[in-house]
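Following: one structure in structure tokens, then a few remarks.
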Amino acid sequence: MEQPEDEHEPKEMPELPNLDKWDRVVMRMAPFPSGPLHIGNARMVILNDYYVKRYDGELILVFDDTIGSDEKQVEPEAFDLIREGLDYLGVNVDRTVYKSDRLELFYRYAVDLIKREEAYVCDCDPSVWRNEHKVKGKACACRRLSVEENLKRWEMMLDGTYPEKGAAVRLKTGMDDPDPAMRDHVILRISETDHPRVGTKYRVWPLLEYSWGIDDHELGITHIIRGKDLVKEGKIEQHIWSIYGWKHPELLYYGRLKFQDATLSKSKSRQEVLSGAYTGWDDPRTWSLQSLERRGIHADALRKAMLDLGLSIVDISISMKPVYAENRSLRDEEAPRFFFVEEPVWSHLQGLPPDLDTAHAPVHPDFPQRGVRNIPLYPKKLNPEAPVIVGLPERDYEGFKSGDLIRLKDLANFVVERGDPPTLQYDSKSVEEVREADGPIIHWIPENSVPTEIVLIDGSIASGLGEPDLRSVEVGTFLQFERFGFGRVYEKDEIVRVAFAHK
RNA sequence: GCCCCGGUAGUGUAGCUCGGCCCAGCAUCUCGGACUUUCGAUCCGACGACCCGGGUUCAAAUCCCGGCCGGGGCACCA
């Protein structure tokens with residue numbers, strides 16, 4: 001097949017296997033609703049979305065909201081947060097399913113598996129079973145129980161006779177399996193935890209591998225792409241599919257992602273968001289999709305970076321730099337330029353020619369047709385005697401010596417005179433002079449500049465002043481502060497607030 | 001302890017199924033240079049890898065064996 005070469009398209013991904021076995025590709029995304037999707041979940045989402053779009057298939061969003069555990073709990077607000085993240089990524093979901101709506105289905109199959117003698121109700125103490133039976137590969141007495149006895153026990157699980165952990169349904173995957181991980185795994189257990197959607201309606205809950213063994217078939221899933229932490233679960237699913245003679249969906253696994261420049265912890269983020277230490281789920285330290293959106297990271301930058309990883313099952317450690325590089329190439333063109341000075345060193349301008357009262361800087365240097373920003377030097381028109389003052393970046397000023405020739409970008413060249421206050425003596429207008437002297441060209445701000453705060457990636461805030469035109473910028477604008485970096489305006493009142501994206 | 005998976009430049013990836021066109025392609029990073037009134041963009045260039053050892057073969061990154069290294073599983077979590 002001929003693939004058109006388009007350098008803007010992500011790398012060509014491999015074909016999905018055994019396409020001819022299925023009428024139409026049906027895939028699913030199954031986040032556990034404990035919080036918003038973060039960059040680590042993006043791979044799962046993007047991969048599934050990519051293949052569904054490629055084959056014009058169907059994508060089902062399945063909220064994997066079984067009861068979880070003490071460490072992993074369903075959080076009610078997560079459902080909407082997840083949808084928000086999917087919207088940002090541009091994922092179209094054809095259908096949404098909640099695991100917690102399907103308990104009756106899992107119960108029916110549980111009874112059927114018991115009747116087929118493929119499963120049994122085990123009331124052994126979990127640690128005893130682990131140490132005496134799983135490790136040694138020896139079946140417990142429960143395994144030999146009659147169907148009748150098992151069904152009776154099953155009812156006792158449902159009606160509350162058994163307490164939590166008092167009994168569980170085990171699937172007969174085989175006590176003689178060489179892999180201890182595969183020996184008669186629990187597929188349903190008792191939990192009386194309150195569920196955000198269905199409350200205490202059910203006290204018997206399926207485990208992930210079991211619910212998927214049933215649902216991947218019931219939902220008509222043809223291809224499953226998920227993290228390799230689920231390969232054991234995949235094997236158990238295959239065991240279930242074989243019992244029923246169902247056609248096996250294709251299983252694809254990818255490795256875990258580690259980010260060199262980000263620490264991801266949904267539970268820590270949750271804690272910090274709740275305590276107010278983080279400003280919300282869009283705090284950059286959460287690395288949530290919301291936070292990336294706020295920073296102006298284009299969904300396609302994320303998409304390309306994720307697809308560039310391919311489908312390798314190896315665990316990988318990646319950097320955000322490719323994402324940033326892609327984002328820059330996607331958004332640099334649209335980004336208007338502004339000056340921002342973090343800790344201005346206020347300096348007096350002297351000897352300005354009378355006609356030099358405003359600086360004109362291009363909105364975007366590569367597109368002169370987009371016009372100029374005007375930076376007036378004389379805000380105090382009523383008091384012509386007042387000195388003209390500009391703010392310089394402290395970092396630059398520190399490196400200057402008296403007598404240095406520097407250029408205020410888009411204005412003129414000056415000779416530095418260090419002091420308190422520092423003064424800048426007008427020298428010349430054109431850029432050639434400073435070039436010859438090999439002097440620095442720095443950005444600056446005039447007196448009537450706009451209070452501006454930039455939220456950095458580590459959550460700290462760079463506060464300073466932005467040039468006057470920043471006042472008219474709209475919320476949502478992706479911009480560049482010259483010699484500082486790119487960011488997106490996310491809020492504006494007296495202060496313009498920008499989320500830093502990248503250099 | 002048992003089981004599974006994997007090892008291509010700093011990082012990520014292509015190639016490995018069907019050995020030769022691979023003295024290994026691409027991206028990113030880094031470093032030079034050009035250009036530019038930004039530490040942005042653009043252009044040019046450079047650096048840099050098939051884990052090791054055997055074997056099969058006319059020929060191996062690709063197949064086989066051993067070793068080493070790395071990751072994961074062994075929950076009444078997802």
Side-chain angles (χ1 to χ4, degrees), chain A residues 7 10-12 14 30-34 64-74 99 122 124-127 129-130 134-135 137 157 164-170 177-183 185-191 204-209 211-212 226-233 235 253 255-258 260 304-305 307-326 328-329 332-333 335 337 339 359 361-362 364-367 395-396 407-413 430-432 434-435 440-443 480-486 502-503:
Chain A
E7 52 185 317
K11 179 187 77 191
E12 189 61 23
F32 181 68
S34 61
D64 212 347
D65 62 337
T66 51
I67 201 67
S69 63
D70 288 344
E71 303 84 57
K72 294 186 181 174
Q73 291 179 9
V74 177
K99 271 280 162 66
C122 174
C124 296
D125 179 82
S127 66
W129 198 87
R130 207 179 307 133
K134 185 188 71 184
V135 172
M157 285 178 72
E164 282 191 351
K165 308 237 178 207
V169 180
R170 291 187 185 278
D177 194 299
D179 181 356
M182 288 300 293
R183 292 174 192 156
H185 215 271
V186 169
I187 56 173
L188 294 122
R189 54 34 142 115
I190 299 165
S191 173
V204 174
W205 287 87
L207 269 71
L208 177 146
E209 48 273 55
S211 70
W212 279 116
R226 60 183 172 198
K228 75 165 183 186
D229 47 315
L230 261 23
V231 305
K232 178 202 73 187
E233 285 67 19
K235 286 183 189 167
Y253 300 99
R256 272 192 51 170
L257 287 191
K258 288 194 205 84
Q260 291 155 6
K304 180 175 185 300
L307 293 179
D308 272 344
L309 304 180
L311 257 179
S312 160
I313 196 170
V314 192
D315 289 348
I316 51 180
S317 169
I318 64 165
S319 161
M320 282 299 289
K321 282 179 178 167
V323 177
Y324 297 154
E326 184 60 22
R328 217 179 280 122
S329 76
D332 178 46
E333 284 189 13
R337 268 53 176 172
F339 289 160
H364 190 121
D366 299 337
F367 305 97
R395 262 182 59 196
D396 291 307
R407 180 173 182 81
L408 299 187
K409 189 165 180 292
D410 303 309
L411 181 64
N413 309 322
S430 96
V431 73
E432 271 70 42
V434 79
R435 280 247 179 82
I441 298 170
I442 65 167
H443 57 107
Q480 189 207 40
F481 289 124
E482 296 197 36
R483 306 210 307 140
F484 188 94
F486 294 89
H502 47 74
K503 274 284 196 191

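Letters A, B, ... are given to chains in the order of the sequence lines, protein chains preceding strands, and every chain is numbered from 1. Note that these values count all heavy atoms, side chains included, but never hydrogens, waters or copies made by symmetry. The shown structure was predicted, so the numbers you read here are calculated from the model rather than taken from an experiment.
- Within 4.0 Å (heavy atoms only), A:K321 reaches sugar-phosphate atoms of the nucleic acid but no base atom.
- For RNA chain B, if you chain together Watson-Crick or G-U pairs that step i with j, i+1 with j-1 and so on, the runs of at least three with distances under 3.5 Å are B:1-7 with B:68-74, B:10-13 with B:25-28, B:30-34 with B:42-46, B:51-55 with B:63-67.
- Residue-level contact check: A:S317 touches the backbone only, with heavy atoms under 4.0 Å from sugar-phosphate atoms and none from bases.
- The shortest distance between the side-chain N/O atoms of A:K503 and the OP1/OP2 oxygens of B:G40 is not below 4.0 Å.
- Contacts of A:F484 with the nucleic acid, taken as non-hydrogen atoms under 4.0 Å apart, are absent.
- Within the 4.0 Å cut-off from OP1 or OP2 of B:C74, not a single side-chain nitrogen or oxygen of A:R183 is found.
- Contacts of A:S191 with the nucleic acid, taken as non-hydrogen atoms under 4.0 Å apart, are absent.
- Comparing B:G66 with B:G12, their C1' atoms sit 30 Å apart, to the nearest whole Å.
- Note on A:R328: a side-chain N or O is less than 4.0 Å away from OP1 or OP2 of B:A41.
- Judged by distance alone, with hydrogens and angles left aside, A:R337 brings a side-chain donor or acceptor within reach of the base of B:U38, the pair sitting under 3.5 Å.
- Rounded to a whole angstrom, the distance from the P atom of B:C47 to that of B:G32 is 15 Å.
- Counting only distance, with no hydrogens or angles, the side chain of A:N413 and the backbone of A:R407 share no donor-acceptor pair below 3.5 Å.
- A:P365 comes within 4.0 angstrom of a base, heavy atoms only.
- Taking 4.0 angstrom as the limit, A:R189 places a side-chain polar atom (N or O) nearer than this to OP1 or OP2 of B:C77.
- Among the heavy atoms of the strands lying under 4.0 Å from A:L208 is at least one base atom, whether or not backbone atoms are also near.
- Distance noted for atom P between B:A59 and B:A9: 26 Å (whole Å).
- Annotation: of the two residues near RNA chain B, A:R435 and A:I316, the 5′-most nearest-nucleotide partner is A:I316.
- Taking only side-chain nitrogens and oxygens, A:S319 never comes nearer than 4.0 Å to OP1 or OP2 of B:C29.
- Within the 4.0 angstrom heavy-atom criterion, base atoms lie near A:E233.
- Within the 4.0 angstrom heavy-atom criterion, no nucleotide atom of any strand lies near A:S329.
- Looking at heavy-atom distances under 4.0 Å, A:P126 makes contact with a base.
- Note on A:D396: a base of the nucleic acid sits closer than 4.0 angstrom, heavy atoms only.
- Annotation: B:G53 and B:U13 have their C1' atoms spaced 28 Å apart (nearest Å).
- Between A:H185 atom NE2 and B:C76 atom C1' the separation is 9 Å, expressed in whole Å.
- Here the separation of B:G67 from B:C29, taken at their C1' atoms, is 33 Å to the nearest Å.
- In the set B:U13, B:G72, B:A78, the nucleotide with an atom closest to the side chain of A:K228 is B:G72.
- When heavy atoms are screened at a 4.0 angstrom cut-off, A:V314 is found touching the sugar-phosphate backbone but no base atom.
- Note on A:D410: a base of the nucleic acid sits closer than 4.0 angstrom, heavy atoms only.
- Residues that satisfy the side-chain hydrogen bond (donor to acceptor under 3.5 Å, both in side chains) test with A:E482, not counting sequence neighbours, are A:R373, A:K409.
- If you take atom C1' in B:U57 and the same atom in B:C64, they sit 12 Å apart, rounded to whole Å.
- Across the C1' atoms, B:G48 and B:U11 are found 12 Å apart, a figure rounded to whole Å.
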